[in-house]
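In each ligand, atom 1 is the first atom listed, and ligand 1 is the first ligand listed.
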Amino acid sequence: MPDLSTTYLGLNLSSPLVPSASPLSRSLDNIKRMEDAGAAAVVFYSLFEEQINHESQELDFYLSRGTQSFAEALTYFPEPREFTLTPDQYLEHVRQAKAAVSVPIIASLNGVSSGGWIKYARKIEEAGADALELNMYFVSTDADTRGDVLEDMYVDLLVDVQRTVKIPVAVKLSPFFTSLPHTAQRLVRAGARGLVLFNRFYQPDFDLEALEVVVRPQLSTLHTPQALRLPLRWIAILYNRLPVDFALTSGVHTAEDAIKGVMAGASITMMASELLKNGIGRLTAIKADMHRWLEEHEYESVTQMRGSMSQKSVAFPAAFERAHYMRALTGYELPNT
Ligand SMILES: Cc1cc2nc3c(=O)[nH]c(=O)nc-3n(C[C@H](O)[C@H](O)[C@H](O)COP(=O)(O)O)c2cc1C
């Protein structure tokens, strides 16, 4: 039987199949079911900087950046009671999950600014988490804030978190950087052991009848292949060029999607939408399909295929990218009408 085992952030994992941060990890029962279904590790849903600061009334960052009015800005944030668990309950949940399952637990902190809230990184470590995913999500709406200032902010936050803990830290990033390789390199030099590509930025819709902004997370589907192609492409470009593990998140729904991720260079391929929509049992089916695919294609292990479709041997990746772009546009055949 082909060997699906992999390593990520120094953790030995039975396969690259890992549920990414989602509400599924809110219940202990689901965490156990994910382990039973074959999850190699479980990433917890995020604990938010604002959620922690709300308790200690330290909302300075958002209230001083790009907002005119302190009082109005406060009203944008969810009330503490709208979160399922308080920060301390989150820690207790990590403790209970560690006692209940033997797969690694990767906790998730979601924030953008350095500050007192970072002490929760150490508390998460003390609660037993095997690693920490740091989700940095900030949409700049201020024309006076330069990109490098925001990148400095991300690096500073990572450095501060790194100082606080000994467990490995991975950074979940968005794809929206002018030079993603440079930002990635800065984060790796600052100590990131893993890069989780990509954070799905929340994209609001409008309800035309109610004239309201619709706040709803979008699930990827089999019919939105672009969700997978973005991280696939960037992992293929960055693989072997930076000393870091890659986790692919976005658009993984089948064994073939996960295999593409590994071939691009991912150590693990994560899933949220597929499990939310079609159930935790999909992990078992996808793992079986992955075994079958490797057998049929005579691969002995996922390690053997890791990075085989990456650009590690391409001497001039930028020219390669541009050439493919030109070919895609000029090679389009018009239908006979
Ligand atoms: C309902 C929902 C909740 C999510 N919550 C979190 C979260 O708390 N932290 C986080 O980093 N990502 C969160 N995500 C993002 C997922 O972890 C994942 O990166 C994203 O959905 C793309 O993967 P997918 O195409 O497999 O869904 C959430 C996604 C969904 C759909």
Side-chain angles (χ1 to χ4, degrees), residues 8 16-27 30-31 34 39-52 78 82-85 87 89-90 93-94 97 105-112 120-121 124 129 131-139 154 157-158 161 169-176 192 194-205 214-232 234-235 246-258 260-261 266 268-280 282-283 286:
Y8 175 63
L17 301 176
V18 173
S20 65
S22 89
L24 284 175
S25 56
R26 283 185 200 152
S27 109
N30 278 339
I31 296 169
M34 288 193 269
V42 174
V43 183
F44 261 38
Y45 63 95
S46 295
L47 181 59
F48 290 85
E49 169 181 351
E50 298 79 350
Q51 201 180 340
I52 297 169
E82 291 177 51
F83 292 103
T84 328
L85 298 178
Q89 286 169 332
Y90 188 94
H93 193 45
V94 172
I105 296 294
I106 303 174
S108 167
L109 274 178
N110 197 318
V112 283
Y120 268 82
I124 282 172
L132 187 62
E133 191 171 287
L134 188 56
N135 183 332
M136 298 171 170
Y137 181 107
F138 180 69
V139 177
Y154 282 4
L157 171 57
L158 173 65
V161 171
V169 180
V171 176
K172 190 169 184 178
L173 273 185
S174 93
F176 304 119
L195 294 178
V196 184
L197 306 184
F198 285 110
N199 202 349
R200 175 106 49 83
F201 265 47
Y202 148 71
Q203 288 161 329
D205 197 4
V214 180
V215 181
R216 197 180 302 130
Q218 294 136 333
L219 300 189
S220 63
T221 69
L222 271 175
H223 311 292
T224 49
Q226 63 278 16
L228 175 66
R229 289 189 195 160
L230 192 62
L232 207 57
W234 276 109
I235 292 176
F246 291 100
L248 183 150
T249 169
S250 210
V252 178
H253 295 273
T254 64
E256 284 78 6
D257 294 340
K260 286 179 188 175
I268 61 169
T269 54
M270 295 178 167
M271 271 174 282
S273 296
E274 181 62 23
L275 306 182
L276 285 167
K277 223 174 339 172
N278 297 321
I280 289 172
R282 281 292 292 147
L283 278 164
I286 291 173

Should the proximity of [X] to ligand 1, defined as any heavy atom under 4.0 Å, be assigned to the side chain, the backbone, both, or neither?
{"X": "Asn199", "value": "neither"}
{"X": "Met271", "value": "backbone"}
{"X": "Lys172", "value": "side chain"}
{"X": "Val43", "value": "neither"}

* **His93/Tyr45 under side-chain contact (heavy atoms from CB on, under 4.5 Å): CA gap, chis, key distance, verdict** => CA-CA 11 Å; His93 193 45; Tyr45 63 95; 4.0 Å; yes
Mark up the atoms of ligand 1 that fall under 4.0 Å of a heavy atom belonging to [X], in ascending order.
{"X": "Tyr45", "result": "8 (O)"}
{"X": "Leu276", "result": "31 (C)"}
{"X": "Pro23", "result": "1 (C), 2 (C), 3 (C)"}
{"X": "Ser20", "result": "16 (C), 17 (O), 18 (C)"}

Among all protein heavy atoms, pick the one closest to [atom] and tell me residue, atom and distance.
{"atom": "atom 7 (C) of ligand 1", "answer": "Ser46 OG, 3.4 Å"}
{"atom": "atom 19 (O) of ligand 1", "answer": "Thr249 OG1, 2.7 Å"}
{"atom": "atom 5 (N) of ligand 1", "answer": "Ala21 O, 3.8 Å"}
{"atom": "atom 22 (C) of ligand 1", "answer": "Arg200 NH2, 3.1 Å"}
{"atom": "atom 31 (C) of ligand 1", "answer": "Leu219 CD2, 3.4 Å"}
{"atom": "atom 25 (O) of ligand 1", "answer": "Ser220 OG, 2.5 Å"}
{"atom": "atom 27 (O) of ligand 1", "answer": "Ser273 OG, 2.5 Å"}

* **Geometric N/O contact Gly251 with ligand 1, under 3.5 angstrom** => yes
* Under 3.5 Å, N or O to N or O, is Asn110 touching ligand 1 that way? -> no
* Worked verdict on Phe44 versus Tyr90 for side-chain contact (heavy atoms from CB on, under 4.5 Å) -> CA-CA 9 Å; Phe44 261 38; Tyr90 188 94; 3.3 Å; yes
* **From CG (Leu109) to CD1 (Ile124), nearest 0.5 Å** => 4.0 Å
* Got a donor-acceptor contact below 3.5 angstrom from the Ser22 side chain to the Leu24 backbone? -> yes
* To do: Would you confirm whether Arg282, through its side chain, and Leu276, through its main-chain N or O, come within 3.5 Å as a donor-acceptor pair?
  => no
* So is Ala227 in contact with ligand 1, going by heavy-atom distances below 4.0 Å? -> no
* **Heavy-atom side-chain contact between Leu283 and Leu275 under 4.5 Å** => yes
* Output all residues satisfying ring pair (Phe, Tyr, Trp, His ring centres under 6.0 Å) with Tyr8, sequence neighbours left out; order by chain, then residue number. => none
